[in-house]
Amino acid sequence: MSEIKDKLKDVVANAMIPEVEAYLEDLHILLAEGKQSEDDELAMTEMESLLVELENVLAVIKEDKTEDSEYQRIYDYISENLESKEQ
């Protein structure tokens, strides 16, 4: 596996997916308590979609049928979003 695939797999599996799952768990708690807002419901839908997309990224890496340039593009996009979130 190329270095970029390893980096992408690591950031998706060890940073993005756990973060999305934790946020979804918080949203489900709000839902169970009946304290969710309309924005929370929209966020839940978006986070569930994002989780599916992240799992798809891992599946594509496993299949190993995509060019490294595409993995690099995805990795750069995720990295930029993580950096902007930290600021």
Side-chain angles (χ1 to χ4, degrees):
M1 189 177 292
S2 71
E3 182 179 340
I4 190 59
K5 288 180 208 170
D6 286 337
K7 288 169 67 173
L8 180 58
K9 183 178 178 181
D10 182 58
V11 75
V12 169
N14 299 319
M16 296 297 297
I17 288 178
E19 187 174 318
V20 169
E21 288 175 335
Y23 186 50
L24 276 169
E25 186 176 314
D26 291 343
L27 290 170
H28 282 116
I29 290 169
L30 288 176
L31 181 65
E33 295 173 351
K35 297 180 181 178
Q36 81 280 3
S37 68
E38 208 171 287
D39 288 340
D40 293 332
E41 292 173 11
L42 177 60
M44 187 178 301
T45 301
E46 290 174 352
M47 289 297 106
E48 287 170 345
S49 294
L50 177 57
L51 184 58
V52 168
E53 290 298 320
L54 292 170
E55 290 168 347
N56 287 341
V57 168
L58 292 178
V60 167
I61 291 171
K62 187 175 182 178
E63 289 177 2
D64 197 26
K65 294 182 180 179
T66 301
E67 296 292 322
D68 282 357
S69 60
E70 183 63 13
Y71 296 123
Q72 184 68 55
R73 185 189 68 75
I74 296 167
Y75 179 82
D76 291 344
Y77 179 78
I78 289 172
S79 295
E80 288 172 16
N81 283 311
L82 287 174
E83 287 173 16
S84 69
K85 182 182 163 221
E86 291 174 357
Q87 294 175 354

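Values in this document were obtained by computation on a predicted structure and should not be read as measured data.
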Taking atom [atom1] of [X] and atom [atom2] of [Y], what is their separation to the nearest 0.5 Å?
{"X": "Asp68", "Y": "Glu3", "atom1": "CG", "atom2": "CD", "answer": "10.0 Å"}
{"X": "Ile29", "Y": "Leu24", "atom1": "CD1", "atom2": "CG", "answer": "11.0 Å"}
{"X": "Arg73", "Y": "Leu8", "atom1": "CZ", "atom2": "CG", "answer": "10.5 Å"}
{"X": "Met16", "Y": "Leu51", "atom1": "CE", "atom2": "CG", "answer": "10.0 Å"}
{"X": "Leu30", "Y": "Ser37", "atom1": "CG", "atom2": "OG", "answer": "8.0 Å"}
{"X": "Tyr75", "Y": "Glu80", "atom1": "OH", "atom2": "CD", "answer": "11.0 Å"}

For Lys5, look at atom NZ and say whether over 12 heavy atoms of other residues, nucleotides or ligands are found less than 6.0 Å away.
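More than 12 heavy atoms, drawn from other residues, nucleotides or ligands, come within 6.0 Å of this atom.
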
Does CD belonging to Glu33 count more than 12 external heavy atoms closer than 6.0 Å?
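Atom CD in Glu33 is crowded, with more than 12 foreign heavy atoms closer than 6.0 Å.
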
With sequence neighbours excluded, what pairs up with Glu41 under the side-chain hydrogen bond (donor to acceptor under 3.5 Å, both in side chains) test?
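Scan of Glu41 (side-chain hydrogen bond (donor to acceptor under 3.5 Å, both in side chains), adjacent residues dropped) gives Gln36.
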
Is a donor on one side and an acceptor on the other found under 3.5 Å between the side chain of Asp10 and the backbone of Asp6?
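Such a contact is absent between Asp10 side chain and Asp6 backbone.
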
Residue pair Lys62 / Lys9, side-chain heavy-atom distance below 4.5 Å
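Heavy-atom side-chain distance check fails, nothing below 4.5 Å.
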
Any side-chain donor near an acceptor of the partner, Ser79 and Asp76, under 3.5 Å
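Per modelled atom types, Ser79 and Asp76 side chains form no pair under 3.5 Å.
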
Go through Gln72 and Glu67 one step at a time and tell me if the side-chain contact (heavy atoms from CB on, under 4.5 Å) criterion holds.
CA-CA 9 Å; Gln72 184 68 55; Glu67 296 292 322; over 6 Å; no

Assess whether a salt bridge exists between Glu63 and Lys65, defined as any Lys/Arg side-chain N lying under 4.0 Å from an Asp/Glu carboxylate O.
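Salt bridge flag = no for Lys65 with Glu63.
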
Over all atoms of both residues, closest heavy-atom pair of Ile61 and Tyr71:
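That would be CG1-CE2, 3.7 Å.
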
Nearest atoms (heavy-atom pairs only) where Ala13 meets Pro18:
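Minimum heavy-atom contact is O-CD, 3.3 Å.
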
Hydrophobic clustering (ILVMFWY, side-chain heavy atoms < 4.5 Å, transitive) - are [Y] and [X] grouped together?
{"X": "Val52", "Y": "Val12", "result": "no"}
{"X": "Val57", "Y": "Leu82", "result": "yes"}
{"X": "Leu31", "Y": "Met47", "result": "yes"}

Going through the checks in order, is the side-chain contact (heavy atoms from CB on, under 4.5 Å) test met by Ile74 and Val60?
CA-CA 12 Å; Ile74 296 167; Val60 167; over 6 Å; no

Please evaluate residues Asn14 and Val11 with respect to the criterion side-chain contact (heavy atoms from CB on, under 4.5 Å), reporting the C-alpha separation (whole Å), side-chain torsions for both, the decisive distance (0.1 Å), and the verdict.
CA-CA 5 Å; Asn14 299 319; Val11 75; over 6 Å; no

